[in-house]
Structures are given as C-alpha cells and as structure tokens.
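For reference, the structure discussed in these notes is given below.
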Amino acid sequence: MAVRTRFAPSPTGYMHIGNLRTAIFEYLVAKKDNGDFILRIEDTDQNRKVDGAIDFIYKTLELCHFKIDEGPNNPGKVGPYIQSERKAIYKEYAEKLVSMGAAYYCFCTEEELDRQRKVAESRRIPFMYNGKCSILTEEEIKEKLDSGIPYVIRQKMPKNGVTIVNDLVYGKIKIDNSILEDQILLKSDGFPTYNFANVVDDHLMGITHVIRGHEYLDQTAKYNLLYQAFGWQEPTYIHVAMVLGEDGNKLSKRNGDASFMDLYNQGYLPEAIVNYLVLLGWSPNSNQEIFSMEELIQAFDPTRISKSNSQYDVKKLNWVNAHYIKNMDDEKYLEYIKPFLTNAYDLSNKTDEWINKLLLTYKSHISYGKEIEYEVKWLFTEELEMDQECKDFMLSDDSIKNTLKIFLDEIKNINNWDSTEINNCINITKEKAQVKGKLLFMPIRIACTHQMHGPELADTLYLVGKEKILKRLEDYNENI
Ligand code: GLU
C-alpha cells in the first residue's frame, strides 16, 4: 500500500517548533517511500480558531519546501481537507456506530454532568461519565430525539479486558478498558471531537502512518476500539515525545517560545531550521549533522526516533544556521542579509561597494540574519568607548606605541583605500616595528576599531574608513 501521511494542524495562528518537527517527520516518512503528504486542517475547536492561520500554515510549509500532495488548496479524491467542512461525514459515521451498538445518544445536561463531577470530586476519584444514557430504551431515545432535546453521541467502551496499541517508537502498550471513559464523539453543536474526527479522517483519507505528539498515545486505545468497531485497519502509529523549551518547560506561545515564523523573521534559514529540528528527538545511523532534504529522505528511519523529550537549544540551532550561511553563494547571501542591515541603519551615504563588503566580511561571523545588526553596531556608532580590557591591553607592552606610530605613517600614504593596501601597511609595520602576532594585530585593531575582536583586520579597517582610522591613530598618539 502506498504510504500516506498527514500533517493535521489546528489553525490557532501559532506554529511552535514542536509542531513543525512533527510535520517534518510526517513528510520524511511519506517521501522515503515515494508516498503522499497530506495537509488536513483540524478546526473542530472553533473557539481556538484564528483568522488567517491557514495561510500561515501554508506559508510555513512552503518556506520549508514541503510539497503538499493533497490539501485544501489542491484537493485529491478524499476531501474536503478542512474538518469543519466534513460535519455531515462525522454525523453519518457516528450514527453508524450507534446503529452498530458501539455508540449511544447521551442527553445528559451540563447540570447533570456537573453534579456527577462534584460527586467524583468529593470521593476524590477521577470523574468518568457514568454511562447513564447507555441504558435508555429505543422508545426513550426516540421520544427525546423527536422532542428536539440536545444530545451528544458517546462511544461505548468495553467494561473489561485490555486494548493493545502498537507504536513504532513506544512498542506494545496495553490499556485496561475499565479506565476508558465513554467519550464524546459528536458534540451537541454537531462538531466532532478530535478523538472521533482523527479516526474517521485518517481512515477515509487512506492514511497509513499516523505521526503525532505522544500526548495522544494514551488515547489511542480508544481510537483502536473505534477502528475495530468499524472493521477498519489501524494505521501504523508513530508517537513522538515533546520538544521542551530552553527552560525545560512545555513550549508555549505565552512563554514567548520560538515559533517558526519568529525564527524566520530573525533570519534563520528554513533549511537550517528543518535540519536542526529533525535532530531533535531523532538520530541518524551515523554522526552526520548537516543534511540536505534529499539526504534526510534517504537517511530517515522512524524507528530511531527517541522516546524521551528533547530540549530546544538555541546554541545548536545557531551552529547549524551559521553553517548554512557560510555555505550560501555570495549573491544569494547578500540578497538574504541586506534587508536586516537596511532595516536597522541609515545607509543613504554608503556606497553599494561598502555595504556589500561589510556584509561579506561578516558572512562567517553571524549565526542568523538579524545578528548582523548587533555585530556591526559599532561601525555606526560615532563615539565609541574603549572598554577596560582594551585599555589594559594597550598598556601591556612597551612596543605598542612605536608599532602604532609606524602604522599611522604607512596608512597616511595609502592612495587607494582597499583591503590589499591596508594589508601591505600591516606587513610593512611588522617589518619595521619588528613585532608579530598578537603584538602586531591587537594594538592596530584596538586603536582603529576600539574593539578587542572582529573579522579579518584589513577588511575591518577598510570598513571603518581612512578618515576615521587616521583620526583614531592620531588621537592615540597625542594622548599617550
Ligand atoms: N490537530 C492536532 C494538533 O494540532 C493534531 C494531532 C494529530 O496529528 O493527530 O495537536
């Protein structure tokens, strides 16, 4: 059977990186077998729905280069692909279950359920619907339906025995049927619960592999009972542990945890985000860490997904992203990085040559796009303070004064202000002052840039500009 997986987000307007990682796993499982990747929008909880969220899901998948084989915008044969448009289907299947005796109408009011809940609370036992409506007679049901009393449809659970769930990651799990509540399948507003819709949809859409968060694992026994009641084949389950935030807590929008779009807007590259996320909770059969999509499709083996939660680690993400930046071709890099500079600084009196040189000089120094703004701030700051570390260094050796004097004389004579000429001056200074290494580079860097560290020295001095360099070196000579 051809592999079919689905990404089934709820359109709540926020896709945290844990959701995206699930989508990646789903995509890889499908593509590894030349299968189909399906997008299904799970909007049955209408209260959580956010306008525009579907576009945002599309945008994320598109930026990550996940081709959607079937979805709301390119339906296949098993649509609609938005759950709120499938209400009639859920009703039909819920009623089918009722007629087969695997579900029943429940007319209990909220007040009645609250009363039951309170009794459970007072006895300090978890609340479980007591099945009161499961014993209504045909006549009683008909009478209530005819008089228009609101109802829900509940799944009738077996009272004893066990239900087995086989999961590719967690293995075989046995759930005692006695702990399974007669859960609601169809709500009184006609919307299905997730617990019902996922089964009906996964079956009707021909989903072969269900990959989702492990918070659904315990519930899966109930889903299997539904598959069994309908006589349907269960899919292969792949439940995946959580991605926790940097603080070790659950990722949440409220805690300001990174969503894909936040990362994208900060200049993390979608390919790098995907590469980073796939290694959160999955490990390849080798120690390779950087993967192209084709390599991932080849290497991905869902049995190597970890059972334990993983923790989002921005340092590792930065490392992966920096790798992708370094490997971009220069033209593409400039196109990507320039907006971050333009948004932060007034470049109206800068030449394109200067701007491009700046961006390329920092190419191997930044981990994500917006970092360029912080890294080059000193170049746009008129009054640069030297910190104590710099000041201490400048007093640390007797040769420094002489080195800088020589360098100033050399720099003055440059006609054509470029990195090659500046480098020549550095080399001549080396010869004349008879200093090398740290005692050559550090005094020059500190005097000219007021910084202890930075990219390649000659390129950096070029960026500062001749006028400013001369002024800083002269000020130094005067003040010493
Ligand atoms: N709509 C569910 C969620 O966003 C999807 C769970 C699933 O993949 O079955 O958590």
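The shown structure was predicted, so the numbers you read here are calculated from the model rather than taken from an experiment. Atoms within each ligand, like the ligands themselves, are counted from 1 in listed order.
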With the threshold set at 4.0 Å, does a side-chain nitrogen-carboxylate oxygen contact exist between Arg212 and Glu26?
-> no
What are the atoms of ligand 1, with element, lying closer than 4.0 Å to any heavy atom of Glu42?
-> 1 (N), 2 (C), 5 (C)
Which of the numbered atoms in ligand 1 are below 4.0 angstrom from a heavy atom of Tyr216?
-> 2 (C), 3 (C), 6 (C), 10 (O)
Distance-only polar pair, side chains of Gln298 and Glu294, donor-acceptor under 3.5 Å = no
Can you find a side-chain donor-acceptor pair between Gln183 and Asn195 that sits under 3.5 Å?
-> yes
In the protein, what heavy atom is nearest to [atom], and what distance, to one decimal place, separates them?
atom: atom 4 (O) of ligand 1; result: Ser10 OG, 3.5 Å
atom: atom 6 (C) of ligand 1; result: Tyr194 OH, 3.4 Å
atom: atom 8 (O) of ligand 1; result: Arg6 NH1, 2.8 Å
atom: atom 5 (C) of ligand 1; result: Ala8 O, 3.1 Å

Non-neighbouring partners of Val78 that pass side-chain contact (heavy atoms from CB on, under 4.5 Å), sequence neighbours left out | Arg4, Glu70, Tyr81, Met205
Kindly assign one of parallel, tilted or perpendicular to the pair Tyr336 and Phe340, based on the angle between their ring planes and the thresholds 30° and 60°.
-> perpendicular
